[in-house]
Engineer: 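Please see the structure below; I have some questions.
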Amino acid sequence: MPRSLPSLRQDFTASLVVFLVALPLCIGVAVASGVPAELGLITGIVGGLVTGLMRGSSLQVSGPAAGLTVLVLEAVRAFGLAALGVIVLMAGLLQIAMGLLRWGRWFRAISLSVVEGMLAGIGLVIIAGQLYAAAGTPAPDSGLDKLTGLPGALVEAAGSRTALVSLAVAAGTVLLIVGWRRVPGRARAVPGALVAVLLAALATAVLDLPVATVRVSGVLEAVQPPGPEALSSLGDPALLGTVLAFALIASAESLFSAAAVDRLHSGQRTDYDKELVAQGAGNTLCGLLGALPLTAVIVRSSANVEAGARTKASRVLHGVWLLLFVALLPAVLAYIPLAALAGILVHAGWKLIPFKGVLTLWRRHRGEALVLVATAAAIVAVGMFEGVLIGLVLSVGKAAWEASQLRIEQCDDGHGVVRVRLHGTVTFLRLPQILDSLEALPGDRRVVLDLTGVHHLDHACRAALEAWAERHGGADAEAVRAATAADRRERATAGPASGPG
């Protein structure tokens with residue numbers, strides 16, 4: 001028992017830090033998603049008390065994530081708040097099924113450029129949308145309209161004192177969060193986002209600032225379990241597509257977060273399949289409560305590790321503190337300015353955009369950088385689900401193109417046999433290049449087509465090479481001879497070859 005006391009002390013301290021980080025983010029993500037603030041807190045509680053107790057990753061923390069804000073907002077707008085519980089419930093069950101089928105490890109095969117592009121696109125949409133919220137004006141529906149409408153919205157806000165005050169509160173929140181890292185001493189242990197929210201609430205109350213605050217309806221009133229009408233909407237193909245998007249994106253974000261957290265500590269590694277089941281169980285309960293979806297969140301998880309957490313007790317205790325806050329201090333939410341929450345999310349959205357990563361990729365792997373940028377642009381222009389699909393297609397296409405690298409060598413002394421050597425992977429993607437080279441050969445000369453350096457020859461290329469050989473040889477069946485890997489092995493066994501034949 002005495003050996004466990006140091007761990008308990010570390011976990012207790014870390015849980016308080018994670019609670020202080022999670023509190024403003026749970027509220028901010030809920031407000032940005034177009035749902036009552038209390039639903040974000042419920043999801044945070046479930047992430048601590050349910051997902052936190054389950055096996056998978058011992059130190060990463062789950063809760064409502066900024067990465068799903070755009071998708072939740074679109075789902076609520078398209079299907080209504082009542083359908084959100086059904087979507088999250090089905091996504092959770094799908095995650096459990098994928099975990100039981102041991103598909104968790106396959107999420108690590110998703111191109112990192114697609115994931116970073118997804119987060120960058122989400123970050124851009126969050127920033128654009130929250131700038132409207134900071135000014136107290138309604139935001140357009142699509143991500144592209146949010147970006148293109150910003151100049152006009154800011155010009156309009158410049159003529160309104162109320163909008164300017166609200167923007168000042170949001171800007172002050174961002175500046176305080178950014179500058180808090182330079183505060184000396186132990187004060188940095190208190191999260192900058194929490195300090196910014198408290199100071200914004202204090203300034204709003206003392207100075208009687210004309211800014212909107214969080215609307216509080218009570219936690220029990222905010223809970224909306226899916227009813228029969230909501231369950232009947234499962235026949236809608238568009239809703240099922242949204243369920244798939246929730247499950248895939250939440251799973252990818254959670255498992256990539258787990259990989260990042262594993263690099264921050266030397267303790268037990270993540271079991272990806274069990275973690276996927278844990279995330280699914282949490283989302284299933286969130287769906288039954290009509291709350292927001294949850295994922296593992298790198299901001300809270302890294303804060304947990306940096307605060308010295310040793311076991312899963314820290315994340316479970318952070319859920320206990322959220323539950324006590326909801327039970328004892330729900331009225332405090334009404335004092336929080338919406339502009340301050342907008343500032344927190346603008347900062348969170350900015351951190352989702354990998355500026356340095358794009359520059360590094362551009363110097364070393366330009367194809368990956370283009371996939372990242374294209375994914376982000378597609379999410380802004382078209383939507384979350386479509387943007388991710390476009391990114392995946394581009395990533396697979398890029399991989400297929402790189403896998404079909406081919407080198408063609410031609411050896412011709414001008415008199416005898418022409419030897420053409422192919423090296424690499426021969427697929428239909430390189431067929432035009434191969435046929436152009438072969439059809440440029442002299443039609444009256446014998447040809448040896450050396451395929452000993454070919455790693456793979458697909459059916460389309462084999463058929464095209466056979467057709468070319470028939471055309472080139474005409475009536476002379478020996479005009480073209482193919483040298484294969486089997487020929488090379490035979491020559492190596494028999495001794496040096498006497499000639500090209």
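All values reported here derive from a predicted model rather than from experimental measurement. Throughout, numbering of the chain's residues begins at 1 and tracks the sequence.
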Engineer: Could you check if a side-chain atom of Val18 sits within less than 4.5 angstrom of a side-chain atom of Arg315, using non-hydrogen atoms only?
Structural biologist: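 Val18 vs Arg315: side chains apart.
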
Engineer: Are side-chain N/O atoms of Ser58 and Gln268 paired as donor and acceptor at under 3.5 Å?
Structural biologist: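 No, because no side-chain N or O of Ser58 sits under 3.5 Å from a partner of the opposite role on Gln268.
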
Engineer: What heavy-atom pair brings Leu73 and Ser33 nearest, and what distance separates the two atoms?
Structural biologist: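 It is CD1-O, 3.6 Å.
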
Engineer: Are side-chain N/O atoms of Gln279 and Ser62 paired as donor and acceptor at under 3.5 Å?
Structural biologist: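 Yes, Ser62 and Gln279 have a side-chain donor paired with an acceptor closer than 3.5 Å.
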
Engineer: Which pair of non-hydrogen atoms, one from Leu333 and one from Val214, has the smallest distance, and what is that distance?
Structural biologist: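 Heavy-atom minimum between the residues: O-CB, 3.2 Å.
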
Engineer: Can you name the ring pair (Phe, Tyr, Trp, His ring centres under 6.0 Å) partners of Trp362, sequence neighbours left out?
Structural biologist: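 Scan of Trp362 (ring pair (Phe, Tyr, Trp, His ring centres under 6.0 Å), adjacent residues dropped) gives none.
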
Engineer: Salt bridge (charged side-chain N to carboxylate O under 4.0 Å, His left out) between Asp273 and Arg102: does it pass, once the steps are laid out?
Structural biologist: CA-CA 5 Å; Asp273 297 317; Arg102 302 183 65 81; 3.8 Å; yes

Engineer: Could you tell me the separation between the OG1 atom of Thr284 and the CG atom of Leu93, rounded to the nearest 0.5 Å?
Structural biologist: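 So the gap between those two atoms works out to 4.0 Å.
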
Engineer: So do Ile42 and Leu39 actually touch side chain to side chain, heavy atoms under 4.5 Å?
Structural biologist: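 Yes - at least one pair of side-chain heavy atoms lies under 4.5 Å apart.
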
Engineer: From Met54 CE over to Leu49 CG, what is the distance, rounded to the nearest 0.5 angstrom?
Structural biologist: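 These two atoms lie 13.5 Å from each other.
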
Engineer: May I have the step-by-step check of side chain to side chain contact (heavy atoms under 4.5 Å, CB included) for Thr213 and Ile336, ending in yes or no?
Structural biologist: CA-CA 5 Å; Thr213 57; Ile336 299 176; 5.9 Å; no

Engineer: Could you give the distance from CG (Leu94) to CG (Leu248), rounded to the nearest 0.5 Å?
Structural biologist: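 That separation rounds to 7.0 Å.
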
Engineer: Could you tell me whether the side chain of Leu361 reaches within less than 4.5 Å of the side chain of Ser113, counting heavy atoms only?
Structural biologist: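 With C-beta onward as the side chain, the pair touches.
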
Engineer: Taking Tyr132 for the side chain and Lys146 for the main chain, is one N or O donor matched with an acceptor at less than 3.5 Å?
Structural biologist: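 Between the backbone of Lys146 and the side chain of Tyr132 there is a qualifying donor-acceptor contact (under 3.5 Å).
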
Engineer: Any donor-acceptor pair under 3.5 Å linking the side chain of Ser254 with the backbone of Ala296?
Structural biologist: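 Looks like yes, one N/O pair under 3.5 Å.
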
Engineer: Test Glu275 against Thr270 for side-chain hydrogen bond (donor to acceptor under 3.5 Å, both in side chains), laying out the working first.
Structural biologist: CA-CA 7 Å; Glu275 179 63 17; Thr270 298; over 6 Å; no

Engineer: Do Gln95 and Ser251 have side-chain atoms, one donor and one acceptor, less than 3.5 Å apart?
Structural biologist: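 Looking only at side-chain atoms, Ser251 and Gln95 do form a donor-acceptor pair, the distance falling under 3.5 Å.
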
Engineer: Which residue pairs satisfy the side chain to side chain donor-acceptor pair (under 3.5 Å) criterion with at least one member in residues 67-86, sequence neighbours excluded?
Structural biologist: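 As it turns out, the side chain to side chain donor-acceptor pair (under 3.5 Å) pairs with a partner in residues 67-86, which skip direct neighbours, are Arg77-Asp141.
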
Engineer: Hey, what do you get for CG (Leu240) to CG (Leu234), rounding to the nearest 0.5 Å?
Structural biologist: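 One finds 6.5 Å between CG of Leu240 and CG of Leu234.
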
Engineer: Nearest heavy-atom pair of Leu292 and Pro64: which atoms, and what distance?
Structural biologist: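 For Leu292 and Pro64, the tightest heavy-atom pair comes out as CD1-CB, 4.0 Å.
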
Engineer: Does atom CD of Glu229 have more than 12 heavy-atom neighbours, drawn from other residues, nucleotides or ligands, at distances under 6.0 Å?
Structural biologist: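 It does not: Glu229 CD has 12 such atoms or fewer within range.
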
Engineer: Mind checking whether Phe246 and Val72 have side chains closer than 4.5 Å, heavy atoms only?
Structural biologist: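 Side chain of Phe246 against side chain of Val72, heavy atoms only: contact under 4.5 Å found.
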
Engineer: What closest approach, in Å, do Ala222 and Pro36 show between heavy atoms, and which atom pair accounts for it?
Structural biologist: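 So the minimum-distance heavy-atom pair works out to CB-CB, 4.3 Å.
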
Engineer: Has Gln130 got a side-chain atom pairing as donor or acceptor with Val346's backbone, closer than 3.5 angstrom?
Structural biologist: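 Not a single qualifying donor-acceptor pair exists.
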
Engineer: Heavy atoms, side chains only, cut-off 4.5 Å: are Arg300 and Ser257 in contact?
Structural biologist: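 With C-beta onward as the side chain, the pair stays apart.
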
Engineer: Judged by atom type as modelled, is there a donor-acceptor pair below 3.5 Å linking the side chain of Asp262 to the main-chain atoms of Arg269?
Structural biologist: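 Such a contact is absent between Asp262 side chain and Arg269 backbone.
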
Engineer: Under the 3.5 angstrom rule, does the side chain of Arg55 hit a backbone N or O of Lys274 as a donor-acceptor pair?
Structural biologist: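 Here the side-chain-to-backbone pair does not exist.
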
Engineer: Keeping the roles fixed (side chain from Ser166, backbone from Ala134), state whether a donor-acceptor pair exists under 3.5 Å.
Structural biologist: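 The answer is yes, because a donor-acceptor pair under 3.5 Å joins these two groups.
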
Engineer: If you measure from OG on Ser314 to CG on Leu59, what distance do you get to the nearest 0.5 Å?
Structural biologist: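 Taking OG in Ser314 and CG in Leu59, the distance rounds to 6.0 Å.
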
Engineer: Yes or no on side chain to side chain contact (heavy atoms under 4.5 Å, CB included) for Met118 and Ile379, after CA distance, side-chain angles and deciding distance?
Structural biologist: CA-CA 7 Å; Met118 176 190 76; Ile379 287 174; 4.0 Å; yes

Engineer: When you measure from the side chain of Asn283 to the backbone of Ala91, do you find a donor-acceptor pair of N or O atoms at a distance under 3.5 Å?
Structural biologist: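 Side chain of Asn283 to backbone of Ala91: no pair is present.
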
Engineer: When rounded to the nearest 0.5 angstrom, what distance separates CD1 in Ile45 from CG in Leu322?
Structural biologist: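 Rounded to the nearest 0.5 Å, the CD1-CG separation comes to 6.0 Å.
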
Engineer: Fit a plane to each ring of Trp321 and Phe12, take the angle between them on a 0 to 90° scale, and name the class: parallel (under 30°), tilted (30 to 60°) or perpendicular (over 60°).
Structural biologist: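 Because their plane-to-plane angle is over 60°, the rings of Trp321 and Phe12 count as perpendicular.
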
Engineer: Do Phe79 and Val86 have side chains that approach each other closer than 4.5 Å (heavy atoms only, starting at C-beta)?
Structural biologist: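 In short, these two side chains do not touch, never coming nearer than 4.5 Å.
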
Engineer: Hey, mind stepping through Ile390 and Thr375 against side chain to side chain contact (heavy atoms under 4.5 Å, CB included) and telling me if it holds?
Structural biologist: CA-CA 7 Å; Ile390 290 172; Thr375 303; over 6 Å; no

Engineer: Pair Val61, Val297 - check side chain to side chain contact (heavy atoms under 4.5 Å, CB included), show working.
Structural biologist: CA-CA 6 Å; Val61 183; Val297 189; over 6 Å; no

Engineer: With a 4.5 Å cut-off on side-chain heavy atoms, are Leu81 and Val35 touching?
Structural biologist: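 In contact.
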
Engineer: Does Trp350 CH2 have over 12 foreign heavy atoms under 6.0 Å away?
Structural biologist: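 Open: at most 12 neighbouring heavy atoms sit under 6.0 Å from CH2 of Trp350.
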
Engineer: Is any side-chain heavy atom of Thr173 closer than 4.5 Å to a side-chain heavy atom of Val197?
Structural biologist: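 Contact flag for Thr173/Val197 side chains = no.
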
Engineer: Kindly give the heavy-atom pair with the smallest separation between Pro293 and Leu68, and that separation in Å.
Structural biologist: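 So the two residues come closest at CG-CD1, 3.8 Å.
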
Engineer: How close do Glu253 and Ala65 get, heavy atom to heavy atom, and via which atoms?
Structural biologist: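 That would be OE2-CB, 3.8 Å.
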
Engineer: Would you please name every residue forming a ring pair (Phe, Tyr, Trp, His ring centres under 6.0 Å) with Tyr335, sequence neighbours left out?
Structural biologist: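 By the ring pair (Phe, Tyr, Trp, His ring centres under 6.0 Å) rule, Tyr335 matches no residue at all.
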
